[in-house]
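Counting starts at 1 for both ligands and their atoms, following the listed order. Note that these values count all heavy atoms, side chains included, but never hydrogens, waters or copies made by symmetry. Position 1 is the first residue of the sequence; numbering continues from there. Everything quoted here is computed from the prediction, not taken from an experiment.
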Amino acid sequence: MKILTDIYEVRDITKNIKAEKQRIALVPTMGYLHEGHLSLITEAKKKADKVFVSIYVNPIQFGPKEDFSKYPRDLDRDVNLAQSAGADFIFSPSNDVMYPSGYGSFIEMGGVADKFEGEKRPGHFKGVATVVAKLFNIIQPDIVIFGQKDYQQCLIIDKFIRDLNFNVEMHIAPIIRERNGLAKSSRNSYLTDKERAEASIIFESLKVTNQAINKGELNRAKINAILSESLRFLQGIKIDYAESAVAGTLEKPDNFLPGQEIVLLVAAYLGNTRLIDNMLIKIK
Ligand code: AMP
């Protein structure tokens with residue numbers, strides 16, 4: 001496996017791969033890899049000949065009060081993990097390579113980008129879309145794999161690929177969880193042991209709400225109340241949002257309809273750590 005930091009080196013390599021009519025998959029990450037990331041790499045390897053994993057903590061997708069500077073980083077560890085999962089190349093550029101002085105081009109996303117994460121983290125999806133466009137242009141992948149863990153991000157990238165005519169096939173991989181149900185995340189490293197155990201409340205609450213929906217609850221306000229009340233069993237949890245919406249569009253009707261696919265979306269703080277999770281539900 002090769003570690004690349006230079007755009008021109010990447011271009012040389014991808015040119016040769018394409019000349020051999022091989023397919024390239026990209027797995028974009030911010031590093032500090034865990035089994036969630038590794039499942040994306042495994043999936044990428046099944047779908048393409050060569051797998052690039054980008055490891056880049058993208059400064060422009062963090063708000064001024066967010067955790068950019070303390071975000072966990074360990075490239076040596078990531079290199080070993082990515083290699084063991086089947087990655088062929090790691091692209092780990094510096095900020096100077098990605099955003100040289102005088103950098104001034106950004107991609108604004110509308111529609112679903114204004115809700116939930118977009119509302120709570122202004123500028124976040126602009127930063128995500130911009131870095132993903134840059135990675136697409138640098139690596140020229142045929143396939144890109146994202147995780148359902150960041151459900152709204154998947155919707156935005158899917159739309160952005162279509163809106164901007166990127167010639168990339170997108171795949172979404174399922175959420176990988178800890179044994180207690182907590183969705184794996186690099187940010188879980190911020191949690192104390194107690195918080196990590198308590199964080200199982202998020203998946204438990206998603207499951208409880210799913211059960212209520214399966215029993216026939218279709219009223220959105222009631223579904224949201226069940227989700228929030230279940231989360232509040234954990235004293236001290238701070239809910240950023242805990243809501244249901246129509247999958248795909250994130251619309252918020254008064255009542256959902258039989259046959260509709262919906263999504264439960266949660267963002268909550270345990271101590272200072274912000275965790276997100278979601279569950280897709282097909283209404284009977
Ligand atoms: P991140 O490094 O957090 O930006 O995540 C990089 C990619 O890994 C994104 O597509 C995430 O959705 C995906 N991902 C993160 N956590 C998980 C997880 N627990 N299961 C599956 N995919 C994940």
Would R232 and E229 pass as an ion pair if we require N to O under 4.0 Å?
no
Mind listing the side-chain donor-acceptor pairs of residues 234-242 below 3.5 Å, one per line with the distance, residues two or more places apart or on another chain?
| from | atom 1 | to | atom 2 | distance (Å) |
| --- | --- | --- | --- | --- |
| D240 | OD2 | R274 | NE | 2.9 |
| D240 | OD2 | R274 | NH2 | 3.1 |
| Y241 | OH | E117 | OE2 | 2.5 |

Residues passing the salt bridge (charged side-chain N to carboxylate O under 4.0 Å, His left out) test with D114, sequence neighbours excluded, are none
Below 4.0 angstrom, N of the basic side chain to O of the carboxylate: do K47 and D142 qualify?
no
If the threshold is 4.0 Å, N to carboxylate O, is there a salt bridge linking R23 and E169?
yes
Protein N/O near ligand 1 N/O, under 3.5 Å, which pairs?
| from | atom 1 | to | atom 2 | distance (Å) |
| --- | --- | --- | --- | --- |
| ligand 1 | 2 (O) | M30 | N | 2.9 |
| ligand 1 | 2 (O) | H37 | NE2 | 2.8 |
| ligand 1 | 5 (O) | H37 | NE2 | 3.4 |
| ligand 1 | 10 (O) | G147 | N | 2.9 |
| ligand 1 | 12 (O) | G147 | N | 3.3 |
| ligand 1 | 12 (O) | G147 | O | 3.0 |
| ligand 1 | 12 (O) | D150 | OD2 | 2.6 |
| ligand 1 | 16 (N) | K184 | O | 3.3 |
| ligand 1 | 19 (N) | I176 | O | 2.9 |
| ligand 1 | 19 (N) | K184 | N | 3.4 |
| ligand 1 | 19 (N) | K184 | O | 2.8 |
| ligand 1 | 20 (N) | I176 | N | 2.9 |

Output the rest of the hydrophobic cluster of I176: all Ile, Leu, Val, Met, Phe, Trp and Tyr residues reachable through side-chain heavy-atom contacts under 4.5 Å, sorted by chain and number.
none
